[in-house]
Protein chains: 2
Amino acid sequence: MASLADRIERYLREQLARTETGVLEVQRADLSAMFNCVPSQINYVLATRFTIERGYLVESRRGGGGFIRLMRLTCPFACNALDRLGQRIGERVSQEQAGHLVRGLEESGVVSRREADLILAATHRQAIGVPLPLRDAVRARLLKAMLLSLFRHEAGGGVGDALR
Amino acid sequence: MASLADRIERYLREQLARTETGVLEVQRADLSAMFNCVPSQINYVLATRFTIERGYLVESRRGGGGFIRLMRLTCPFACNALDRLGQRIGERVSQEQAGHLVRGLEESGVVSRREADLILAATHRQAIGVPLPLRDAVRARLLKAMLLSLFRHEAGGGVGDALR
DNA sequence: TATAATGAAGGTCAAGGAAAGTCAAAAACG
DNA sequence: CGTTTTTGACTTTCCTTGACCTTCATTATA
């Protein structure tokens, strides 16, 4: 039973995939009319699904002739997204947060399917297997260590300090 | 005299066997209604019966449109070569043991350099970051989970798409 | 021409509801 | 008696909606 947010997300991703440039412009009102929902539902989808962690950038303009522009990032590791990633992880991460993050990296081509699965397996509750306050802390350390190991191959030193 | 947990387990395994992809999505509330039990009973079954060690992966999402997703892994520890690996790992492994094992897998071409580094990063003492009796146990679980993930079903048509 | 009004976008936030998760105590089992 | 199962109270996460706010372009007006 795909939720409304899921359907909107899927639609936007399809449209985005159809573009040549990886840039899509839409009108919020059009979308909300198309899906029979309140306009702010669109904002919710954008805020939760098209985040920088998942490899997207969203710009917009208000007023007459306003628009929402969706962009797929080709290389999140290239800009300072990695540092934000590290800060985002912080001292503790839930399994869900980790999942979103890793899927985003996979989507933007930073990690392969196998690598993503590897990370997800290691950040799974049962794999860590310690009780909860501690578990999220262990997961955060694991995630940072693994991302850092990937990043060492990806680019030279200096960037990604926030992962440590 | 099959217990309630046994019956729920059997039902889920039957449903899972019926799928083409090895992926089953259910609603916790549906199940608990079907078996006339409290919802958390479902969690108990999932936690005790559908573990990674037994060759299952469980994902879920809360909130509206929430679900529980059960995935059967292709190569449960119970069957072949991985079984021996799993036994060799046992309940605890030191970082050194893990290192030897992973480098061996890399040399024999089972895992790539990047994947090996990923695994080693996750099994590093500082990454796990808990005191020693426990740390080796966590490392063993991590190692098993990660190796198992490498043998996951390459089910066509985007397994896990609903979560992304 | 400078400015004020207007309408047309999109943004924010918080409340409420809909799932699933957690934990520990009680019960049942062997 | 120790282990496994069952239960339920409480928590957390996620989705949906609606009331109200901010920004921009255009047009009317002094």
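These numbers come from the heavy atoms of this one structure, side chains and all, not from hydrogens, waters or symmetry mates. Everything quoted here is computed from the prediction, not taken from an experiment.
Between the P atom of dG10(C) and the CG atom of L70(A) lies a distance of 12 Å, rounded to the nearest Å. Computed from coordinates, the N43(A) CG to dG11(C) P distance equals 5 Å when rounded to whole Å. Here the C1' atom of nucleotide dG21(C) and the CD atom of Q95(A) are 11 Å apart, to the nearest Å. Between the CG atom of D6(B) and the C1' atom of dC29(C) there is a distance of 12 Å, rounded to whole Å. If you take CD of Q41(B) and C1' of dA27(C), they are 12 Å apart, rounded to a whole angstrom. Atom pair I42(A):CD1 and dG11(C):C1' shows a separation of 13 Å (rounding to whole Å applied). Look at CG on L46(A): it is 14 Å from C1' on dT12(C), rounded to the nearest Å. Per the geometry, CZ belonging to R62(A) stands 6 Å off C1' belonging to dG10(C), to the nearest Å.
Contacts between chain A and DNA chain D, taken as any atom within less than 4.0 angstrom of a protein heavy atom, begin and end at dC14(D) to dA25(D).
Of all the heavy atoms in L148(B) and G55(B), the pair that sits closest is CD2-CA, 4.4 Å.
Using a 4.0 Å heavy-atom cutoff across all strands shown, F67(A) reaches sugar-phosphate atoms only and no base atom. Contact annotation for R69(A): no contact, since no heavy-atom pair falls under 4.0 Å across all strands. Across all strands shown, T48(A) has no heavy atoms under 4.0 Å from either base or sugar-phosphate atoms.
For R69(A) (side chain) and S60(A) (main-chain N/O), no donor-acceptor pair under 3.5 Å exists by modelled atom type. In terms of modelled atom types and a separation under 3.5 Å, the side chain of R72(B) and the main chain of G22(B) share no donor-acceptor contact. A donor-acceptor pair under 3.5 Å is formed between the side chain of S32(B) and the backbone N or O of A29(B). Checked by atom type and distance alone, the side chain of Q97(A) pairs as donor or acceptor with a backbone atom of S94(A) at under 3.5 Å.
By the 4.5 Å side-chain criterion applied to Ile, Leu, Val, Met, Phe, Trp and Tyr, I8(B) is assigned to a cluster that also includes L4(B), Y11(B), L12(B), L16(B), L24(B), V26(B), L31(B), M34(B), F35(B), I42(B), V45(B), L46(B), F50(B), Y56(B), V58(B), I68(B), L70(B).
Grouping the Ile, Leu, Val, Met, Phe, Trp and Tyr side chains by contacts below 4.5 angstrom, directly or via other members, places V102(B) apart from I128(B).
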Hey, mind stepping through S40(A) and N43(A) against side chain to side chain donor-acceptor pair (under 3.5 Å) and telling me if it holds? CA-CA 5 Å; S40(A) 58; N43(A) 295 86; 5.7 Å; no
Could you list, one pair per line, each protein nitrogen or oxygen that sits under 3.5 Å from a nitrogen or oxygen of nucleotides 4-7 of chain C, together with the distance?
none

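Both R49(B) and L4(A) sit near DNA chain D, but only R49(B) has its closest nucleotide nearer the 5' end.
Where the helix from dT1(C)-dA30(D) to dG30(C)-dC1(D) starts and where it ends, the local axes point in directions that differ by 10°; five pairs per end, rounded to 10°.
Remark: R113(B) engages D117(B) in a salt bridge, criterion side-chain N to carboxylate O under 4.0 Å.
Within 6.0 Å of atom CD in E96(B), more than 12 heavy atoms from other residues, nucleotides or ligands are found, so the atom counts as buried in its surroundings.
Under the ring pair (Phe, Tyr, Trp, His ring centres under 6.0 Å) criterion, no residue pair touches residues 94-117 of chain B, with sequence neighbours excluded.
Put simply, S60(A) has a side-chain N or O that comes within less than 4.0 Å of OP1 or OP2 on dG11(C).
E14(B) meets the salt bridge (charged side-chain N to carboxylate O under 4.0 Å, His left out) test with no other residue; sequence neighbours excluded.
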